[in-house]
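Reading through the structure tokens given below for one structure.
Remember, it's 1-based here, ligands and their atoms both numbered in the order they're listed.
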Amino acid sequence: MAAPSPSAPFRLIVTGGGTGGHTYPALTAIRTLQARLAASGRTLDVLWIGTAEGLEARVTGAEGIPFTTVATGKIRRHANPLKMVSPANVRDMARVPIGVAQARRAVSGFRPDVVLATGGYVAVPTGLAARMCRVPLVLHEQTVRLGLANRKLAGSAARIAVSSESTLPLLPESVRAAAVVTGNPVRPEVLTGHPDKAVTALGLHSFDRRLPTVYVTGGAQGSQQINDVVGGELPWLLERANVVHQCGPAHVEALSARAAGLPASLAARYHLTPFVGPELPDVLALADLVVSRSGAGTLAELTALGKPAVFVPLATAAGNEQAHNARHLEESGAAVALLGEVSGGQLREAVGPLLDDPERRATMAAAAGAHGRPDAAERLVDVILSAASR
Ligand SMILES: CC(=O)N[C@H]1[C@@H](OP(=O)(O)OP(=O)(O)OC[C@H]2O[C@@H](n3ccc(=O)[nH]c3=O)[C@H](O)[C@@H]2O)O[C@H](CO)[C@@H](O)[C@@H]1O
């Protein structure tokens, strides 16, 4: 491909999505690249290749980012390898070559300087198409171990941007030279929230601001496990704290019923919501303690902010990755990790001392902050630009 003139728009294809963990780092990379290019008088032409059902479709729609889809084959994992040969998996695998052909047309038509893939099964056809069209492919991995899509694409990548030093020894020897540690980009607005704005936006005027505030979150879909254990301890928790509880759309009814049984004085300190949208930065700013799943995106946000946290990892995350994330932070005093089945008693034991002791929270916050990489987006942009100029 001919070298672009310095004033020509930089052309980027982004691919990845499904969950927030794959979508938001890509979005942050686009915005940061756009700002970097603008500083030198250049513009960015971008195309996002994703799935119609994934979060990326909504996010690109809201941000006005050109978006297209390709056929994808999702592999449904199963502990028993024989059960992976299911009719649904076989049917979906047959879609992969169609997706690769569509992605190849999209890549050769758009003529990008770089393809950035951030994981999720939709990234595979576009990543393969990048190699076929000889376009530099940059991978970004959010988790400590490479996800399935990135494992498939690693051998084709010009650069593999990873979020943690601890990923480097886990990479196959053959691709290690392509790896560079950038961190996991966090949306800049997440770092500039304001507690009072959360109070106004969510109507939290009946919260007792002399007490600490706990933000409970199970990720976009919510977590049945976290909802059950927190739901069972609501009277205990609300005696000591205000609670913003993000529970996922499927769990609102059951938790509302529990909340209806609370005395009015405690119910006043409880705010239940299926999803936290644009108010997320303000809710995080208001939170003195977070009780959460330990997905890579959430971890990057909490460490960039320096927030004390009690993690309840998703046990079925690929390679037990969430438990690994949570333990890694616990080892340096940056969080408490509650692994496996979690009882109400265990939750109280983890949360109680942190609610009672602001100094303990401050120490944990400082340890969490030491893991944060607020410059991750800028580093990833460095990698994208250097891959383009190779
Ligand atoms: C079930 C599963 O496979 N999870 C994986 C998925 O995480 P998943 O995408 O579910 O979770 P992450 O923690 O990575 O990201 C969630 C993102 O959604 C945001 N958010 C969440 C709730 C809400 O109400 N509002 C809101 O904005 C969070 O602030 C965060 O930015 O990808 C991650 C990164 O590859 C992996 O580490 C996880 O193991």
Side-chain angles (χ1 to χ4, degrees), residues 16-28 50 54-56 58-59 62 74-77 117-123 139-151 161-164 167 183-191 193 198 201-202 215-227 244-252 271-285 287 290-305 307 309 311-329 335 376-377:
T19 66
H22 300 305
T23 303
Y24 290 127
L27 174 66
T28 305
L55 178 66
E56 66 276 18
R58 271 188 282 147
V59 164
K74 176 181 183 166
I75 299 176
R76 292 158 193 81
R77 286 177 230 255
T118 59
Y121 54 91
V122 68
L139 304 183
H140 180 263
E141 177 57 58
Q142 301 86 46
T143 66
V144 171
R145 290 168 215 277
L146 288 194
L148 195 58
N150 280 347
R151 282 210 296 279
V162 299
S163 298
S164 158
T167 301
N184 190 10
V186 169
R187 290 169 282 169
E189 64 268 29
V190 168
L191 305 178
L202 301 181
Y215 174 45
V216 177
T217 173
Q221 302 308 315
S223 150
Q224 177 91 55
Q225 185 191 17
I226 291 179
N227 291 343
V244 176
H245 186 168
Q246 181 269 325
C247 64
H251 310 279
V252 182
H271 180 83
L272 181 68
T273 178
F275 186 77
V276 181
E279 315 82 24
L280 181 82
D282 304 321
V283 170
L284 288 172
V290 179
V291 175
S292 172
R293 285 293 196 216
S294 45
T298 301
L299 247 71
E301 290 165 358
L302 297 181
T303 54
L305 285 165
K307 286 281 164 187
F311 289 119
V312 182
L314 174 70
T316 56
N320 217 1
E321 172 260 320
Q322 290 205 5
H324 182 98
N325 294 341
R327 247 190 262 114
H328 180 64
L329 289 187

Extract all donor-acceptor atom pairs below 3.5 Å that involve side chains of residues 272-284 and protein atoms in other chains or at least two apart in sequence.
{"unit_1": "Thr273", "atom_1": "OG1", "unit_2": "Phe275", "atom_2": "O", "d": "3.1"}
{"unit_1": "Glu279", "atom_1": "OE1", "unit_2": "Gly277", "atom_2": "N", "d": "3.2"}
{"unit_1": "Asp282", "atom_1": "OD1", "unit_2": "His194", "atom_2": "N", "d": "2.8"}

Using distance alone, decide if ligand 1 has a nitrogen or oxygen within less than 3.5 Å of any nitrogen or oxygen in Gly277.
no
Counting only nitrogen or oxygen atoms and a 3.5 angstrom limit, does Phe275 reach ligand 1?
no
Could you walk me through whether Arg293 and Thr298 pass the side chain to side chain contact (heavy atoms under 4.5 Å, CB included) check?
CA-CA 8 Å; Arg293 285 293 196 216; Thr298 301; over 6 Å; no
Report the nearest protein non-hydrogen atom to atom 9 (O) of ligand 1: residue, atom name, distance rounded to 0.1 Å.
Gly21 N, 2.6 Å
Any idea which part of Glu321 is under 4.0 Å from ligand 1, heavy-atom wise: side chain, backbone, both or neither?
side chain
Contact bool for atom 3 (O) of ligand 1 (protein heavy atom, d < 4.0 Å):
no
Sub-3.5 Å N/O-N/O distance, Pro274 and ligand 1
no
Can you pull out the closest protein heavy atom to atom 18 (O) of ligand 1? Residue, atom name and distance to 0.1 Å, please.
Tyr24 CE1, 3.8 Å
Please determine whether a side-chain nitrogen of the Lys or Arg among Glu301 and Arg187 lies less than 4.0 Å from a carboxylate oxygen of the Asp or Glu.
yes
Considering distance alone, does some N or O of Ser294 sit under 3.5 Å from an N or O of ligand 1?
no
Using atom types as modelled and distance alone, determine if a side-chain donor or acceptor of Asn150 lies under 3.5 Å from a backbone N or O of His140.
yes
Decide whether an N or O pair under 3.5 Å exists between Gly219 and ligand 1.
no
For Gln221, check side chain to side chain contact (heavy atoms under 4.5 Å, CB included) against everything at least two apart and list the hits.
none
Hey, is Arg187 one of the residues with a heavy atom under 4.0 angstrom from ligand 1?
yes
Donor-acceptor pair, side chain of Arg145 and main chain of Thr167, under 3.5 angstrom:
no
Which residue and non-hydrogen atom of the protein lie closest to atom 28 (C) of ligand 1, and at what distance in Å?
Glu301 OE1, 3.6 Å
Among all protein heavy atoms, pick the one closest to atom 12 (P) of ligand 1 and tell me residue, atom and distance.
Gly297 N, 3.6 Å
Measure the distance from atom 35 (O) of ligand 1 to every protein heavy atom, then report the residue, atom name and distance (to 0.1 Å) of the closest one.
Gln142 OE1, 3.1 Å
Geometric N/O contact Gln322 with ligand 1, under 3.5 angstrom:
yes
Quick check on contacts: which atoms of ligand 1 are under 4.0 angstrom from a heavy atom of His22?
35 (O)
Which residue and non-hydrogen atom of the protein lie closest to atom 21 (C) of ligand 1, and at what distance in Å?
Ala220 N, 3.9 Å
Quick check on contacts: which atoms of ligand 1 are under 4.0 angstrom from a heavy atom of Thr143?
34 (C), 35 (O), 36 (C), 37 (O)
Heavy atom to atom 25 (N) of ligand 1, shortest distance: which of Val276, Thr118, Leu280 holds it?
Val276
For Thr298, is at least one N or O under 3.5 Å away from an N or O on ligand 1?
yes
What about Leu314: any of its N or O atoms under 3.5 Å from an N or O on ligand 1?
no
Specify the protein heavy atom at minimum distance from atom 32 (O) of ligand 1: its residue, its atom name, and the distance to 0.1 Å.
Thr19 OG1, 3.6 Å
Taking distance alone, with no angle check, do Tyr215 and ligand 1 share an N/O pair under 3.5 Å?
no
